[in-house]
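Note that the numbering runs from 1 along the sequence shown for the chain. Counting starts at 1 for both ligands and their atoms, in listed order.
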Amino acid sequence: MVLILRYQGYQNIIRQAERLTLATLENNAWSIAQIINGDEHQHLQEAYQEKDEISGLTQDQRYDNLHKALASAQKELGIETPVYTYTKNEASNSFDFIVTSSLDPYFRHPFTSAPEEQISSYGKSNRLPAYSDEHGKWLSAFSPIRNSSGEVVAMVQVDQCFDHFLNEASQDAFAGLWWNFLLILFLVIIVWKYVTVLIYKEEEDKIELQKIIGEKTEISERLSLREKELERQKKSLVNKNQYLEDFANIVSHDLKSPLRGISNFASLLSRRLGPTAESSTTEYVNYIKSNAKRALNLVDGILNYSKLGTDAHNNTSCNLLDLVKDARENLLSVIDGRGAVVEVAERLPDAVCDKVIVTQLFQNLIGNGLKYNNAEVPTVKVTCTKDPEKGCVMAVSDNGIGIAKEYQASIFDMFTRLHGSEGQFEGSGIGLAFCLRIIKSYGGEIWLDSEEGKGSTFYFNLPEALLGEPEMV
Ligand code: ADP
């Protein structure tokens, strides 16, 4: 681009310089023609017809005068090359040089290489477009010399060699071009480097991308295999759960019917024996009855516990207050029997949970609070407190017998009973294990705070079931 612009600039300069030089040459030729004595020139031409007939400056005064006029004009006008006159040779239809500003006359030497335009312009002022010969590139202008009668007797030609100017102009035009060229080369190298880096980077990115795609495909294949495996395991688990549930149902049914049989026959036996029976016999029969009942409760507890793990929760929206009230309702006979009190907070949180099992959870905790309680008025309170870390925490507290520190961690284990051996408190050791399992299924925790003889408080939260917090009372 820079090269093209520079070349165009150079061309313009040349054209302009050529025009100006030609105009100057034409003026010079015209000016010189005016100072040449046409009559004298005519007489000289007529006097000497042969080539080199004049060979020295002083040979003829007229030649010397005309030469001096040309030489001084050349000097005055600052013309670099000799100025000369020529005339038309009618015989050969060419020109003959007549007088020159050079010191050596060149008289009547033929001027055969005149361009056609110059020949046709004989007698008129004109200029020639640039032309070249063995001496270089030339610009010329010529003008007629007239005698006192106004007739054209010869022409004056002024030339200027254009090579010098062309050299300078081209040097000027292309000066610094090397630097431009080097700069462009430098820029091209930088751009090329940048492009190759980009291409290389793109290649690398492509390879990286292909690698990532490959890895991704591998991962998705592995994932899909894993999904299939999981699906298979899920099916197998569902089948196993179904099998376990069926098994639990069958076992419970098969266990319960002989137990019911034992219980029923023990009742029949006790009726048959009547009030007259020996006290030890009655005691044994009652013992059979109560053990059969315990065994039946145990089977029911195990069945409920096993179902908890297999059935999906039937979650619905509810308010915990309603569930607590239902649990209290279910325990009404115990409450009335013991003359107990169950106090419930006025507001409890809303929840999305399985109403049946969460009611069972409250029922177990409230039931334990009433059962393991020797107070005159057994009292159980259900409240809700706000914990900064655990959120909404439910609390079931009682004024019962309390639990010694060393047993507090183990009471949530299946079949753990602290107070069953004396026969005072009936139970299966499944209730708290059942509670723990429900709470865990909602992402919660259960813990307690208890002191022997002073009562216990069981705390739990249900983060995946509880919605917001109730207004605290
Ligand atoms: P169960 O009541 O059928 O024996 P649980 O799993 O509900 O079984 O309770 C396990 C044991 O924890 C109970 O046997 C009892 O010794 C103790 N326990 C549970 N709740 C309380 C309570 N509120 N106060 C004192 N002891 C309790």
Side-chain angles (χ1 to χ4, degrees), residues 252 255-256 259 290-309 323-324 327-328 330-331 333-335 337-345 356-385 393-441 444-462:
S252 101
L255 273 177
K256 274 163 90 178
L259 284 172
S290 73
N291 272 290
K293 194 180 164 201
R294 241 189 94 203
L296 277 169
N297 286 341
L298 205 59
V299 171
D300 279 339
I302 292 171
L303 189 64
N304 286 339
Y305 184 87
S306 70
K307 278 188 174 171
L308 202 58
L323 307 192
V324 175
R328 186 169 60 181
N330 296 343
L331 291 165
S333 62
V334 182
I335 295 168
R338 295 286 316 271
V341 176
V342 176
E343 293 174 8
V344 187
V356 176
I357 62 167
V358 176
T359 304
Q360 186 68 51
L361 163 68
F362 282 114
Q363 197 171 318
N364 286 2
L365 293 174
I366 298 168
N368 280 352
L370 298 172
K371 181 164 57 170
Y372 301 105
N373 202 319
N374 291 331
E376 207 173 314
V377 181
T379 306
V380 176
K381 290 181 186 165
V382 182
T383 54
C384 177
T385 53
V393 173
M394 300 297 302
V396 181
S397 56
D398 62 59
N399 56 348
I401 59 174
I403 303 164
K405 279 270 176 285
E406 62 265 36
Y407 302 119
Q408 287 180 8
S410 61
I411 53 169
F412 298 99
D413 295 341
M414 192 90 151
F415 307 125
T416 300
R417 306 208 65 227
L418 307 180
H419 311 98
S421 53
E422 301 91 348
Q424 188 188 353
F425 306 108
E426 277 190 11
S428 58
I430 296 175
L432 285 180
F434 184 87
C435 292
L436 177 68
R437 200 158 182 187
I438 294 171
I439 290 163
K440 275 193 175 171
S441 73
E445 294 170 74
I446 182 166
W447 66 102
L448 74 148
D449 186 8
S450 178
E451 203 177 320
E452 247 184 324
K454 289 196 176 170
S456 314
T457 302
F458 284 80
Y459 300 97
F460 67 91
N461 64 347
L462 300 169

Polar-atom distance check: Gly431 versus ligand 1, any N or O pair below 3.5 Å? yes
Distance under 4.0 Å to a non-hydrogen atom of Lys371: what atoms of ligand 1 satisfy this? 1 (P), 2 (O), 3 (O)
Does ligand 1 have an atom that lies less than 4.0 angstrom from a heavy atom of Gly400? no
Are Met394 and Val396 side-chain neighbours, meaning at least one heavy-atom pair lies under 4.5 Å? no
Compute the minimum heavy-atom distance from Gly367 to ligand 1 and say whether it is under 4.0 Å. no
Parallel, tilted or perpendicular, judged at 30° and 60°: which one describes the rings of Tyr372 and Phe425? tilted
Any heavy-atom pair between the side chains of Asn364 and Leu432 that's under 4.5 Å? no
Which of the numbered atoms in ligand 1 are below 4.0 angstrom from a heavy atom of Ser456? 24 (N)
So does Ser456 get a backbone contact from the side chain of Asp398, meaning a donor-acceptor N/O pair under 3.5 Å? yes
With distance as the sole test, does Asn399 use its side chain to make a donor-acceptor pair with the main-chain N or O of Val377 at under 3.5 Å? yes
Are Phe362 and Phe460 near enough that their ring centres are under 6.0 Å apart? yes
Take every heavy atom of Phe458, measure it against each atom of ligand 1, and state whether any distance is under 4.0 Å. yes
Any idea which part of Asp398 is under 4.0 Å from ligand 1, heavy-atom wise: side chain, backbone, both or neither? side chain
What I'd like to find out is whether the side chain of Ile335 reaches to under 4.5 Å of the side chain of Val342, using heavy atoms alone. yes
What are the atoms of ligand 1, with element, lying closer than 4.0 Å to any heavy atom of Gly402? 25 (C)
Closest to atom 26 (N) of ligand 1 (heavy atoms only, candidates Ile430, Ile403, Leu432, Ile366) is Ile403
